[in-house]
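Residues take their numbers from the sequence shown, with the count starting at 1. Computation of the quantities below employed the complete heavy-atom set of this structure, encompassing side-chain atoms and omitting hydrogens, waters and symmetry-equivalent molecules.
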Amino acid sequence: MVESIVTVLLEVVKCFAPPTERQLCYLRNYKANFENLKAEIDKLKDESKSIQHRVSEAERKGEKIEEKVENWLVSANNTIEQAAKFIEDGETTSKRCFKGLCPNFKTRYQLSKKAETEVKALVELKEEARRFDDRIFYRTIAEEVWLKSNKGYEAFKSRLSTLKSRQDALTDVNVSIVGVYGMGGIGKTTLVKEFATQASEEKLFDQVVFSEVSQTPDIKKIQGEIAEKLGLELSEEAESRRASRLYERLKKEKMILVILDNIWKYLDLETVGIPFDDDHRGCKLLLTARDRNVLLSMGSENNFLIGILNEHEAWRLFKIMAGNFVENRELKSTATNVAKACGGLPIALTTVAKALRNKELPVWKNALQELQTPSEASFDEGVPVEAYSTIELSYKYLRGEQLKKTFLLCSLITPTSIMDLFKYSIGLGAFESVHKIEDAHNKLHAWVHQLRDSCLLLEDGGSKFFSMHDVVRDVAISIARRDKIAFAVRNEDVWNWPDADALKKYFAICLKDSIINDIPEVLESTQLEFLFMSPKNSFVGPNVPENFFKRTKKLRVLDLTRMRLLSLPSSIDLLHLGDMDTAIIGKLENLEILGFVRSDIVQLPKALGQLTKLRLLDLRDCFHLKVIAPNVLSSLIRLEELYMGNCSVEWEVERANSERSNASLDELMLLPWPTTLEIDVKNDSILPEGFLARKLERFKISIGNESFMPPKSGINNVEYLWLDKLQGVKNVLFDLDTEGFSQLKHLHVQNNPNFLCIVDSMEMVACEAFPLLESLILHNLINMERICIDQLKVESFNELKIIQAYNCDKLSNIFWLSTTKCLPRLERIAVVDCSKMKEIFAIGEEVDNAIEKIEFAQLRSLSLGNLPEVTNFCREVKTPSASPNRPSSHTSSPANGMRKRTSREPTSTMPRGK
């Protein structure tokens, strides 16, 4: 027994050796050190989460995260993991010796000492994070999309040498400016963009910036495009001050490439603010132009001609555009000859190939014949025979004379909106066989799509606008002149009117952005139907002589922007005016289209009511328009389309035995044929009953600034609805519509603190919710708990493609799905800053193997951010927790399925129509 005690004592002494005060301190503080370590781990975890949230928010905004912050997050996560593993291992290895009779003091000493070291590392990381302050990220400049991709570029061997020559020239310290020139449509822009892409990949320059100059240079626009890509904000209005700031900013770049594309005439680089030559050897300029002399005038001595494609390259491009079926044995010989006849011009190859795509052999043979024997014509802007004949061929193959006329009309007015094209076309009688304006809209859109598919029109800023390639436009105008269809002048300071014989034959005259002088006393154009005159930089437009229209008996469309006139021809069907005595409009009894877009008109007179054949009235952006004479609008008995967006008319309310001094919205209710309405109203108190329930093909009705109370009859025929700060309404369905919004396609709801849900199925269950809705955007709905109170029926939201939720603090999930077949068309999901969200989707437990079966087959994009409580993308639930602000979802609803309407508070903004 003694020997056993001695043995135990020896083992105890062995565990303590060597016995110092410091070592005894580690033993004494063993438990405290471990508890301290656990506490510091939790603190660093919280700090790491906070930093990560700020990093995530910055990344969503496209900002760049500081490298030291990224390194800290990695270090923090590693340290936390190591410390947690140390604690876990320590609890395992800290065993008692002697069968549990005595602690293992040596192990405890080592663990306690290590725990203290780990605590110091955690504290140091936490202190380092506090020194970050707000310096988590820095702003970046978005790189041009085309710099990241060579989509649309074909690497033709004949042009590789040009690329290499330009690279050599631009890297020469003695060369500051390099030019590229060639005819329109030859591929200059494509080539310089490819060079810029390669230069960026090879790090030849620190920055690459691009700006299109165009025929009418806008110095401020050029300055702004370059400054934006450098992260420089130019708030100054004066060009000279903007130039000075841009100049100084560019000089700070060690190596930068500035590309100025599509230069038509001399451009003063100092006026823009671009340093070059000895002012800044690191600033290289790459210029493109049609004319070599333009490049020489700007000091470019290293100029490279972009030539046509060789035969092999031309065939390769042609086959890409026409399709592989040109390799067919029967067709290939003719197709190859057609490609040869295009002369290696990319724009010609593209337009002809698209025009002949899927055509039969006789059509190809006829095309070859016409290409080989081009028409004689005069060529504007240096359009060569090859380009002319190829584009003319595409024109000839347009189906129908009306489509050809539309193409030529586009060449006169491009770039512009499809709405303007529509007004001109209807004024010219392009839709004689169409009785409804809505049908005319559809027909014109079909024509525009045909022209785009034929590569004769381009989209410009979206589907509502269009433009033309320069060469295509020039050829079109040349055709119009040759055939005595139209006389056109664009961006000219000096020009001459055609002789009297030519004037008598023209169908259209277009004088756009040019100096208009020597206006004849009488316009000898007996066949003229279309006249467009818009003087260049004219604050006070030239006067039109009183007898100017004496011989224009067939004139149907008149657009005079910044012009003054005292009389009008009685034959016109469309009128667009800037400044004139509006009283004389009443004499134009056959007028069908009338526009005052962006004019300074203050009042529409009574005489306007005499236009009983008017079908379209366009008053958009007439900011000074305050008064419309009473009963004028109701007198326009054939009016189908009324556009009054951004007008400040002081609408009056119709009252019995009261004389009005201004128009009332009741007048619009009397119109028998309305299809389109665009109007702004300050508050809903002046809306006649049923105003929003009218069946219209398209409308944009904005009600705001004062109040909006949803109409009792509902607004169930809208396609686009925007709700902002709508007080007193707790859900969209059925507070705003009792029929489920059967036509709604886009719903945007924001800044509505009273909203608890979008669909409250307890209120009514007689209809499906939003059967045609394509997009649902929810933003800053701080009290909304669910989108749908109950499970989502498979019939509801069946067409939904996009759903986005931002800053919806109480939202627990997006939808509670009733089956795995819900939302079959969903393509994009974005959920950000929803602090209480538990899962993205919930699905009932009654669905067998729901999680395994759920599938969003069309999903293309998923963005989730700052969702601290989300643990699952989709989770099975029996019943989501009931809202503290409302009864359980199983509470019985009224017997008749309808709820009792309550009073609503005022709001500031209204729903807008489509």
(message) Could you check whether any side-chain N or O of His280 sits under 3.5 Å from a backbone N or O of Glu253, counting only pairs where one atom can act as donor and the other as acceptor?
(response) yes

(message) Run the salt bridge (Lys or Arg N to Asp or Glu O under 4.0 Å) test against Lys365 and tell me which residues pass, sequence neighbours left out.
(response) none

(message) I'd like to know if the side chain of Asp277 and the backbone of Asp279 have a donor-acceptor N/O pair within less than 3.5 Å.
(response) no

(request) For Asn358, look at atom CG and say whether over 12 heavy atoms of other residues, nucleotides or ligands are found less than 6.0 Å away. (result) yes

(message) Tell me if a side-chain donor or acceptor on Gln223 pairs with a main-chain N or O of Val272 at a distance below 3.5 Å.
(response) yes

(message) Keeping Lys220 on the side-chain end and Glu237 on the backbone end, is there a donor-acceptor pair under 3.5 Å?
(response) yes

Pairs of donor and acceptor atoms involving the side chains of residues 405-413, under 3.5 Å and at least two apart or interchain, shall be tabulated with distances.
residue, atom, partner, partner atom, Å
Thr406, OG1, Gln402, O, 2.9
Ser411, OG, Leu408, O, 2.5

(request) Taking Arg825 for its side chain and Lys801 for its backbone only, find out whether a donor-acceptor pair lies under 3.5 Å. (result) no

(request) Tell me whether the guanidinium CZ or amine NZ of Lys193 lies under 6.0 angstrom from the six-membered ring centre of Phe210 and within 45° of its axis. (result) yes

(request) Return yes if some donor-acceptor pair links the side-chain N/O of Ser211 with the main-chain N/O of Glu225 below 3.5 Å, else return no. (result) no

(message) Please find the pair of heavy atoms, one from Phe318 and one from Val338, that lie closest to each other, and give the distance.
(response) CZ-CG1, 3.9 Å

(message) Using modelled atom types and a 3.5 Å cut-off, is there a donor and acceptor pairing between side-chain atoms of Trp315 and backbone atoms of Thr336?
(response) no

(request) Output yes when a side-chain donor or acceptor of Asp206 lies under 3.5 Å from a complementary backbone atom of Met255, and no otherwise. (result) yes

(message) Does atom NZ (Lys404) have a neighbourhood of more than 12 heavy atoms from anything else shown, all under 6.0 Å?
(response) yes

(message) Please check: side-chain N/O of Arg473 versus main-chain N/O of Ser467, any donor-acceptor pairing under 3.5 Å?
(response) no

(request) Among residues two or more places apart or on two chains, list those pairs meeting salt bridge (Lys or Arg N to Asp or Glu O under 4.0 Å) that have a residue in residues 330-357. (result) Glu311-Lys340, Glu327-Lys332

